[in-house]
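Let me begin by presenting the structure, written as structure tokens, before commenting on it.
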Amino acid sequence: MQYMCLIYAAEMSGPQPGSPEFGAYIQAYNDFTTRIKADAVFVAGDALQRVVTASTVTTANGTPEIMDGPFAETKEQLGGYYLLDCENLDDALKYAAMIPTAKHGRIEVRPVMVFD
Amino acid sequence: MLPPYSLEQTIEKTVREEWGRILANLVKTLRDIQLAEDSLQDAVEAAIIHWQKQGLPKSPAGWLVTAARRKAIDRIRRAKTFAQKQSEISYLADLENTACETPELEIIPDKRLEMIFTCCHPALAEKTQTALTLRTIGGLTTEEIARAFLDSPIAMAQRLVRAKKKIKLAGIPYEIPGADALSERIRGVLAVIYLIFNEGYAASSGPSLVRADLIEEAIRLGRIVGHLMPKETEVSGLLALMLLHDSRRHARQNTDAQMIPLDQQNRAQWDKNKAHEGIALLKKTLSRQRIGPYQIQASISALHVEARSWAQTDWPQIAALYNLLYSIQPSPVVRINQAMAVSHAISVGAALTMMDEVSETADITSYQAYYIAKSDLMKRAGKSEDAKALLAHAITLASNDIDRAFLQQKLTHLSNG
């Protein structure tokens with residue numbers, strides 16, 4: 001089963017670029033990615049540019065309406081994701097808990113819908 | 001000779017007692033709680049017709065398992081398009097092979113433990129875990145569960161449907177957790193059982209203080225889990241705790257359904273059989289030397305049950321046990337209980353110092369137990385005006401009518417005395 005792990009955190013929380021902790025933080029991400037590839041769980045995964053780069057579009061009123069910024073103005077923002085192929089939810093949650101951002105943010109785990 | 005059960009009674013009894021065991025077995029094969037439940041319901045309806053014509057089968061539970069499997073096959077066939085059926089053919093063939101035998105209940109593999117861990121999965125809300133456990137393992141109807149939670153049957157039915165959907169779609173596993181997660185997950189299961197017990201023992205809302213049906217259901221669940229995990233000392237600890245608490249049920253409430261506090265209870269009304277069972281179980285469990293919060297709380301309850309009177313209670317031992325409990329579970333409620341034991345074991349002054357520490361470290365603004373305890377200590381310290389003010393505040397925090405009436409009466413006594 002595929003699970004989408006959505007990585008949420010407040011943007012200024014956690015190790016920041018230039019700080020001594022940042023190197024270890026990036027290394028932890030590299031280690032995690034290596035581990036899930038070795039475990040044959042990894043399907044995809046990326047970090048996203050910061051939320052100031054976000055644009056939102058809707059055609060609810062018939063024509064594309066474009067807005068600056070994210071869809072929801074919340075304290076914690078989507079910063080990246082991993083798509084994992086796991087045995088079950090327990091397995092997915094076990095890996096999600098290893099994502100380095102889980103230490104200061106939250107990981108939302110959602111099963112991917114399968115159309116049969 | 002005893003008059004035989006009527007057919008309806010036999011069916012009802014079998015369904016109620018064996019529901020969890022039969023359902024768990026079906027879920028293991030079908031991997032879908034909703035489908036298993038619907039199929040078992042179909043089988044029950046078929047049983048009423050068949051057994052009337054052909055008499056009772058040798059093993060009614062076994063008959064229901066077999067019939068439910070056949071009903072499940074029908075349901076899968078009806079629900080799937082032909083193309084999808086192709087991929088399910090081998091699965092259905094397997095299922096049909098297992099559906100041919102009529103197993104005795106004893107040889108139906110017991111999968112209730114797997115089902116309890118699924119129902120009490122932390123990815124489900126606590127109330128949902130509780131409702132689902134009562135439905136699947138306890139065999140309570142949706143209406144009965146709705147009544148227990150004072151919810152509408154529609155809201156409860158929706159909650160259960162959503163939960164079963166989430167289990168299926170999110171892939172919540174139907175298995176006993178691995179060693180790395182087991183103790184944490186057992187804690188979750190025990191919390192659900194104790195929640196059901198407490199909802200029965202001190203109903204959080206409504207006109208009745210005690211709901212015997214929920215108490216008995218919690219104890220029954222405790223026995224099932226204890227039977228399935230005989231090596232887990234905290235499981236036995238919880239069962240002992242529930243039995244010991246419940247042994248005081250009839251002395252805890254007067255004929256007007258008002259609460260009688262422990263120090264005023266008629267100890268002759270305590271249920272000795274339940275108390276003995278609880279104490280024997282606790283002793284056996286403690287001897288295995290794997291202590292935990294439920295065993296400590298059961299030990300405290302046992303000391304109360306063994307005391308001849310309120311005055312003869314072993315307060316120093318109780319205070320020491322609360323101290324041990326606090327080291328594992330550092331919560332204000334444990335500290336407050338410890339302070340009350342200290343007030344009897346050492347002095348009211350020492351207890352008041354502990355209460356001050358609680359109010360400094362925790363937010364007690366809406367914490368009723370704190371105000372009741374402190375009011376009692378103030379009264380015993382001779383400060384009756386403070387005691388009255390504290391009790392009046394506690395009354396504003398009461399959640400059920402009986403609790404409110406009890407505290408109001410206490411306040412009247414304080415004002416008159």
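Sequence lines set the chain letters: A, B, ... in the order given, protein chains first and strands last, and positions in each chain run from 1.
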Report task. Count the heavy atoms of every other residue, nucleotide or ligand shown that sit under 6.0 Å from CZ of B/Arg288, and state whether that count exceeds 12. Result -> yes

**Report entry** Atom CZ of A/Phe22 with >12 non-hydrogen neighbours under 6.0 angstrom
**Finding:** yes

Query - Over 12 non-hydrogen atoms of neighbours within 6.0 angstrom of CD in A/Glu87 - result: no

Query raised in the report: Is there a side-chain contact between A/Asn88 and B/Glu175, using heavy atoms and a 4.5 Å cut-off?
Result: yes

Query raised in the report: What do you reckon, is CG of A/Asp68 surrounded by more than 12 foreign heavy atoms closer than 6.0 Å?
Result: no

Query raised in the report: So which part of B/Ala170 gets closer than 4.5 Å to some heavy atom of chain A, the side chain, the backbone, both or neither?
Result: both

Query raised in the report: If you check every heavy atom in residues 157-166 of chain B against those of chain A, which residues fall under 4.5 Å?
Result: none

Query raised in the report: How about A/His104: does its NE2 atom have over 12 heavy atoms from other parts shown lying under 6.0 Å from it?
Result: yes

Requested in this report: Might you point out which heavy atoms bring B/Lys168 and A/Met1 nearest each other, and give the distance in Å?
Outcome: O-CE, 4.5 Å

Query raised in the report: For the atom pair CG (B/Asp180) and CG (A/Asp90), what is the distance rounded to the nearest 0.5 Å?
Result: 9.5 Å

**Report entry** Min side-chain heavy-atom separation A/Arg110-B/Leu169 under 4.5 Å
**Finding:** no

Report task. Evaluate whether atom CD of A/Gln16 has more than 12 neighbouring non-hydrogen atoms of other residues, nucleotides or ligands under 6.0 angstrom away. Result -> yes

